[in-house]
Amino acid sequence: MKIVPWRFFLFCSCLALLACGMDPTRLRPDPRVKAQGSFGTNNEWKLRDAVAVHDGDDIILCFARLWFDRERWVLDAELTSEDLGTFLRNEEDYAPAFEVKLDAQGRYLAHRLRYGGYGVKWVSGFDEGEGVVLSIHQQDRIAGTVRLRSASSQAAIEFDLPVLALGPIARPGVPLPADGGEPGRLLLAKSRAIHDGDLDRVLQLMSPRERSSAFGRYDSNLDYNPGDLDMSGSSFFMFKQRLDMPDIARIEGGSMDGDVAWVDFSGMDSIGIAELLTGTAVMIRRRHGWEVGEIITSDVEMPEDEEDWP
């Protein structure tokens, strides 16, 4: 096959740009998850993702049209029932899912067709089909088929899934040292610089990509496009930095998987009423170093004695 050099170069360049634009926080699909088929009021939704979870003595099979937001499960290291209604790129909260409830022996109990996080009552019984037929029913694995039709929904699905449990889940990768390693030390340094009001240090700790959004630039027409620091002024810029960054007192470890690290910490929310909190920061390693991707926090009850505050 003859390859025109400039076209080959353009093709390779596009691939490189795509690779650079990929978000490293996207977790690799779980190779144990195998499911295919369709569901809906008239089988109109193609199945993309699935999960099986223990719910007390029962097992819930959840088949979804969109990909589950498994990064969210890992971020707080906990799987909740609300996570089964949270999907990637689902701004409108409209994500059809078909759920089947089985008892401890794997027998069909009920099913329902729901959309996003909106609750729908379980329906028992179906008009046509085989129901749920299991070929594997183990504590940590379940496989089989779902073929049923009722007045409100129908499904034709084949699946082989690990069975998860609601509650704490392990993050991928390897544990971070107690101080969080390189990503943890950067997170702590940025927090201290922000809450000390050290603008020069904050800018020094930013990656080139982060600084490019803080400062203005000239475009190809020599028109100046102001950055956040130019538009806000230094005082308001630092205030916005404090809004996004807790006052971190201690790094509590975490884990790292390739170019993504989850750094756990404890500290205080210094905006408004001071409150103790714990949290996790997603740190992303890009070409020029680590960046803070996303931070989630949870409030902790404050000790009565201020001397016990961090």
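Within the 4.5 Å cutoff, the side chain of L161 has no heavy atoms near those of the V51 side chain. Between H111 and S150, the closest side-chain pair of non-hydrogen atoms falls below 4.5 Å. In this structure the side chain of L164 reaches within 4.5 angstrom of the side chain of W73, judged on heavy atoms. Looking at heavy atoms from C-beta onward, I60 lies out of side-chain contact with V100 at the 4.5 angstrom threshold. Proximity of I136 to L134: side-chain heavy atoms (C-beta onward) are nowhere separated by under 4.5 Å. Using a 4.5 Å heavy-atom threshold, the side chains of V263 and I251 count as touching. When side chains are defined from C-beta on, I169 does not count as touching E78, because their heavy atoms never get closer than 4.5 Å. The shortest distance between side-chain heavy atoms of V292 and M283 falls below 4.5 Å.
Nearest heavy atoms, G258 versus R285: O-NH2, 2.9 Å. Closest non-hydrogen pair, P172 versus S255, comes out as O-OG, 3.8 Å. The minimum heavy-atom distance between S234 and L229, with the atom names listed, is CA-CD1, 3.8 Å. Shortest non-hydrogen contact noted between R171 and G254 is NH1-CA, 4.2 Å. Between A52 and I142 the shortest heavy-atom distance is CB-CG2, 3.9 Å. The minimum heavy-atom distance between I295 and A281, with the atom names listed, is CG1-CB, 3.8 Å.
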Should F39 and V146 be marked as a side chain to side chain contact (heavy atoms under 4.5 Å, CB included) after you check the CA-CA gap, both sets of side-chain angles, and the distance that decides it? CA-CA 10 Å; F39 63 89; V146 176; over 6 Å; no
Go through the steps for M238 and L199 under the test side chain to side chain contact (heavy atoms under 4.5 Å, CB included), then give the verdict. CA-CA 7 Å; M238 289 297 289; L199 176 60; 3.8 Å; yes
Step-by-step side chain to side chain contact (heavy atoms under 4.5 Å, CB included) determination, V282 to V260: CA-CA 7 Å; V282 180; V260 181; 4.0 Å; yes
Derivation and outcome, side chain to side chain contact (heavy atoms under 4.5 Å, CB included), residues L113 and Y115: CA-CA 7 Å; L113 177 65; Y115 299 87; 3.9 Å; yes
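Applying the salt bridge (Lys or Arg N to Asp or Glu O under 4.0 Å) criterion to D228, with sequence neighbours excluded, gives K240. Looking at residues two or more places apart in sequence or on another chain, you find no ring pair (Phe, Tyr, Trp, His ring centres under 6.0 Å) involving F265. The ring pair (Phe, Tyr, Trp, His ring centres under 6.0 Å) search around F126 returns Y108, not counting sequence neighbours. Remark: E99 pairs with R112, R114 by the salt bridge (Lys or Arg N to Asp or Glu O under 4.0 Å) rule, at least two apart or across chains. Taking D200 as the reference, D198 meet the side-chain contact (heavy atoms from CB on, under 4.5 Å) condition, with sequence neighbours excluded. By the side-chain contact (heavy atoms from CB on, under 4.5 Å) test, Q241 pairs with I194, V202, M206, F237, sequence neighbours left out. Here E291 pairs with R209, R286 under the salt bridge (Lys or Arg N to Asp or Glu O under 4.0 Å) rule; sequence neighbours left out. For the side-chain contact (heavy atoms from CB on, under 4.5 Å) test, no residue two or more places apart in sequence or in another chain qualifies with P168. Residues passing the salt bridge (Lys or Arg N to Asp or Glu O under 4.0 Å) test with R192, sequence neighbours excluded: none.
Q154 contributes no side-chain N or O that, together with a main-chain N or O of L148, makes up a donor-acceptor pair within less than 3.5 Å. Although no hydrogens or angles enter the test, the distance criterion places no donor-acceptor pair under 3.5 Å between the side chain of S153 and the main chain of R149. Panel note: side chain D230, backbone G216; a donor-acceptor pair is recorded below 3.5 Å. Remark: side-chain polar atoms of H195 are paired, donor with acceptor, to backbone N or O of P246 under 3.5 angstrom. Put simply, the side chain of D103 gets close to the backbone of G106: a donor and an acceptor are under 3.5 Å apart. When atom types are taken as modelled, the side chain of S191 and the backbone of I248 share a donor-acceptor pair closer than 3.5 angstrom. Under a 3.5 Å cut-off, the side chain of H54 and the backbone N or O of Q139 do form a donor-acceptor pair. No donor-acceptor distance shorter than 3.5 angstrom exists from the side chain of S38 to the backbone of L47, with no hydrogens or angles considered.
Residue pairs meeting the salt bridge (Lys or Arg N to Asp or Glu O under 4.0 Å) criterion with at least one member in residues 37-54, sequence neighbours excluded: D49-R70. The salt bridge (Lys or Arg N to Asp or Glu O under 4.0 Å) analysis of residues 52-66, with sequence neighbours excluded, yields no pairs.
Between F87 and F68, the ring centre distance stays below 6.0 Å.
Side-chain contact, D83 with T86: no donor N or O sits under 3.5 Å from an acceptor N or O. When only modelled atom types and interatomic distance are considered, T280 and D264 share a side-chain donor-acceptor pair under 3.5 Å. With no hydrogens or angles considered, no side-chain donor-acceptor pair links Q138 and R141 at under 3.5 Å.
Salt bridge D160/K34: absent, no basic N to carboxylate O contact under 4.0 Å. A salt bridge links E158 with R147: the distance from a Lys NZ or Arg NE/NH1/NH2 to an Asp or Glu carboxylate oxygen falls below 4.0 Å. Taking the charged nitrogens against the carboxylate oxygens, D247 and R242 have no contact shorter than 4.0 Å, which rules out a salt bridge.
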Enumerate donor-acceptor pairs with a distance under 3.5 Å from any side-chain N or O in residues 178-185 to protein atoms, sequence neighbours excluded.
{"from": "D179", "atom 1": "OD1", "to": "G181", "atom 2": "N", "distance (Å)": "2.9"}
{"from": "D179", "atom 1": "OD2", "to": "R185", "atom 2": "NH1", "distance (Å)": "3.0"}

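With rounding to the nearest 0.5 Å, the separation of CD1 in I284 from CG in D259 is 9.5 Å. Here the NZ atom belonging to K190 is positioned 7.0 Å from the CG atom belonging to L205, to the nearest 0.5 angstrom.
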